Amino acid sequence: MKKTVLEIDLNALEHNFNVISSKLKPSTKFMAVVKAGGYGSDSVEIAKKLESIGVDYFAVAFTNEGIDLRKAGIKTPILVLLPQVESIKNIIDYNLQASLYSFYFLENFIDYVNEKEVKKCFCHFKINTGLNRVGFSEYQINDVVEKIKNCKPIKLAGIYSHLAATDDLNETKFTNSQINLFKKLSSKIKSQISYNPILHMSNTSGIFNYPECEFDMVRSGIGLYGYNNYLNKELVPVHSLKSVIAQIINCKKGESVGYNRSFICKNDMMVGVIPIGHADGISRSFSKNIHVFISGKKAEVLGNICMDVLMINLNGINCDEGDEVVVFNSKNNAEDFAKSVGTISYEILTNLSSRIERKIIR
Ligand SMILES: *Cc1c(COP(=O)(O)O)cnc(C)c1O
């Protein structure tokens with residue numbers, strides 16, 4: 001396609017789902033994390049595909065992300081990881097499962113359930129085991145259990161926690177302490193409520209690096225999209241960001257390229273104009289550190305990345321206006337791109353703006 005497009009390869013998604021599932025015991029449930037638009041892809045298309053191949057659960061960060069899935073016809077249970085008080089009505093109305101993580105949220109939730117005489121709602125109890133990001137700490141657990149037991153309509157579908165450093169094998173001791181604390185606190189909760197919620201803790205790199213932490217369900221996000229912090233050769237990237245050479249400008253030695261003249265040609269140059277810029281998620285701060293690919297050949301960015309375009313060096317590359325440009329794909333992947341600018345694939349993928357057309361490959 002002769003414009004900027006983000007291809008989403010659903011075959012790669014299915015492959016990754018199968019690879020990750022093959023690491024799990026047959027009885028372990030699979031929660032697919034499709035927050036942030038399915039890590040910048042298309043959460044509805046991703047969820048539909050995963051639902052059709054047997055995923056057990058979805059997770060999103062915020063309530064409106066869950067509503068989008070319900071409106072698209074997704075029937076699978078959906079956990080909202082970080083619901084806000086203002087969205088409690090929608091959580092109930094759209095049959096979403098709230099994470100109970102703070103007294104502020106829990107008390108408002110209970111008030112709503114009592115006031116509206118909600119009959120039954122499934123929730124997940126979030127325990128903080130050391131990430132210190134979201135969840136109840138050990139000393140708060142008894143109070144939380146009391147409140148939940150006193151609100152009959154609330155049923156715990158799950159008890160969960162999140163690991164801080166599953167991708168860092170120097171932190172094995174800390175990770176094991178988180179796992180042990182989770183075992184202890186989840187047993188305590190279960191003994192007080194006398195039924196068995198689903199226990200879940202592992203994210204993608206936990207699945208690969210800590211098989212002992214599978215519990216009843218795992219939560220995988222980045223792995224489904226083809227990445228794992230220890231880039232796993234078995235996984236295939238789902239996202240390919242492609243563009244086109246919109247124009248070629250011949251510059252003479254000494255001429256400048258782009259805003260603020262930050263690049264000066266040291267010799268005569270063929271400059272390619274590519275219609276993707278910082279408004280699309282290719283940050284201006286990447287200007288000096290990234291390159292793109294034309295028929296597999298590297299072309300570096302020249303000068304400052306603009307809002308809607310960036311310019312590249314085409315010297316030594318045999319190409320024409322209209323030729324395809326690859327920003328990243330399954331071969332030159334988003335993890336390498338992210339490394340070149342000092343971040344992680346998660347950030348690059350989730351920053352791709354909605355202006356870029358998503359093209360679904362089935
Ligand atoms: C985002 C998120 C995940 C998914 O993590 P990946 O590393 O992408 O697999 C799992 N659990 C929670 C609580 C999250 O916020």
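This structure is a prediction, so every number in the text was calculated from the model and none was measured. Note that ligands are numbered from 1 as they come in the structure, with each ligand's atoms numbered from 1 the same way.
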Item checked: Under 3.5 Å side-chain donor-acceptor pair for Asn128 and Asn132 -> yes
Notebook entry, point to check: Ion pair present between Arg362 and Glu45, side-chain N to carboxylate O less than 4.0 angstrom?
Noted result: yes
Notebook entry, point to check: Taking both backbone and side-chain atoms of Tyr346, is any N or O found less than 3.5 Å from an N or O belonging to ligand 1?
Noted result: yes
Margin query: The criterion is salt bridge (charged side-chain N to carboxylate O under 4.0 Å, His left out); which residues satisfy it with Lys3, sequence neighbours excluded?
Written below: Glu357
Margin query: I'd like to know whether ligand 1 has Arg133 as a neighbour, heavy-atom separation below 4.0 Å.
Written below: yes
Notebook entry, point to check: Which pairs count as ring pair (Phe, Tyr, Trp, His ring centres under 6.0 Å) when at least one residue sits in residues 46-85, sequence neighbours excluded?
Noted result: Tyr57-His124
Note to self: Looking at non-hydrogen atoms alone, which of Met31, Lys35, His162, Met201 comes nearest to atom 15 (O) of ligand 1?
What the structure shows: Lys35
Note to self: Distance under 4.0 Å to a non-hydrogen atom of Leu81: what atoms of ligand 1 satisfy this?
What the structure shows: 13 (C), 14 (C), 15 (O)
Check: Charged N to carboxylate O under 4.0 angstrom, Glu138 versus Lys188?
Finding: no
Next item on the list: Scan side-chain atoms only and decide if Tyr160 and Ser99 contain a donor-acceptor pair under the 3.5 Å cut-off.
Entry: yes
Margin query: When you compare ligand 1 with Val33, is there at least one nitrogen or oxygen pair between them that comes in under 3.5 angstrom?
Written below: no
Note to self: Under 3.5 Å between any N/O of Ile222 and any N/O of ligand 1: does that happen in this structure?
What the structure shows: yes
Checklist line | Min N/O separation Tyr39 to ligand 1 under 3.5 Å | finding: yes
Check: Judging by distance only, is a nitrogen or oxygen of Arg219 under 3.5 angstrom from one on ligand 1?
Finding: yes
